[in-house]
Amino acid sequence: MKNFIDLKYFLEVSVTTFVSFGLLYIIWLFFIISSETASGFNGSIMYIPHAARVLTICYFGITAIPALFVAQVFCTYIVGDVYGVNTLPFIDLLGTAFLSSICVLIAVYAMAGLGFKIRTLPFYEFTKDSIYLDLRNHKHIIMVTIFSAAVHALSIYIYNYVRGISTNPEMFVRFFTGDILGTLITIFSLSFMLYVFFRER
Amino acid sequence: MPDFKKQLVIFVQMLRNIEDEFKLHALTPNEQAVFYTILKSDDICNISKIVDESGLSRSTVYKILKKLEDNNLIEAFQSESDKRESIVTLKV
C-alpha cells in the first residue's frame, strides 16, 4: 500500500513537473527567444523554464528531478530542435540537462549548509536550531532562485569550458541574469493571474 | 510522505502572499482601473488623462486617488505649468 502511495505521489509530481516545464519552455520559445538576438543562444536573458525547476524542487523535493531531466531533454531535442535552439550534440545535451536539473537541489543543499533549511529535503537531520525556509514566503523562494541561478550558470559554464564547447564569459552572465529574471517574471505573472481568476477574494 | 495537494496549497499561499505584499486584493475594480491607467502611462500622468482613459467621473477619480495615496501606492503633486492640475506618479 505504501509503495502504491509513493508511486501515486511520484506520478503526480512527475506529470506536474513535466507539464509545467514544457509549458514554460514553449512560451519561452515562442515569445522570448524569438525576440532575442543570435546571442540568445549563449544563454537567454529571460529563461522562464527555470521557474519550473525552482518551484518543483522547492515544493516537491527530489521527486521532481527525473521529470525535470526528461522534460529538459524532450523539450530541447524535440521542440527546440525545430526552432534551432538545440545546438549541442546529444551527449552534451544530456550532460547540461542533468546539471540544470540538479542545480536547484545543489543550491538548496548549499543554503542548508549556511543554515537555511527546507523541509522537503531528505538526508538532512533537523535540529531545534534549524531555520526553515518558509515556502509560503515568496522572498525565500526568490532567495533560492538567486542561489540556484548562480549554481546553474557556474556549472554550465564549467561544463562548456571543460568540454571545449564555449569559453565565452558572457554566457555565465546571461545564464545568471536570465534564470533570475525568468523565474521572477513567472512567479509574479502567476500571482497576478491567480488574483485575476479569483478576484472575489 | 508529503501530500501532493498540500504542497500545491502551500504554493498557492505563496502566490497570494505576493498579492498581499503589493496590496492587489485591497483595490476595487474602479481603483484598479485608475491604478493601471497610472501604471501604463509612459509620460506624465495628470487627473484629466485618468478621467479620459478610465471612463470614470472626475469626483470618483479624486476619491480613488486619495485612497491610493493613503495606501502609499501613488503620490500626487501640483503641476508647475498649471497650478490647477495635479500630477500623479507611482510610489512603488
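In what follows, chains carry the letters A, B, and so on, assigned in the order in which the sequence lines appear, proteins first and then strands, with residues in each chain numbered from 1.
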Per side chain to side chain contact (heavy atoms under 4.5 Å, CB included), Arg136(A) is matched among Leu15(B), Asn17(B), Val12(B) by Asn17(B)
Which residues share a ring pair (Phe, Tyr, Trp, His ring centres under 6.0 Å) with Phe21(A), sequence neighbours left out: none
Over 60° means perpendicular and under 30° means parallel, so classify the ring planes of Phe4(B) and Phe60(A), tilted if in between. parallel
Residue pairs involving residues 87-106 of chain A (criterion ring-ring contact (aromatic ring centres under 6.0 Å, His included); sequence neighbours excluded): Tyr77(A)-Phe90(A)
Over all heavy atoms of both residues, which pair between Leu194(A) and Arg16(B) is shortest? Give the atoms and the distance, please. CD2-CG, 3.5 Å
Are the side chains of Gln7(B) and Val13(A) in contact, using a 4.5 Å heavy-atom criterion? no
Within a radius of less than 6.0 Å around OH of Tyr159(A), do more than 12 heavy atoms belonging to other residues, nucleotides or ligands occur? yes
Could you pull out the closest heavy-atom pair between Ile18(B) and Phe188(A), with the gap in Å? CG2-CE2, 3.5 Å
Pairwise distance CZ(Phe11(B)) to OG1(Thr56(A)) - rounded to 0.5 angstrom: 10.0 Å
Measuring from His140(A):NE2 to Met14(B):CE, what's the distance to the nearest 0.5 Å? 12.0 Å
Heavy-atom count check: over 12 atoms from other residues, nucleotides or ligands less than 6.0 Å from Ile78(A) CD1? yes
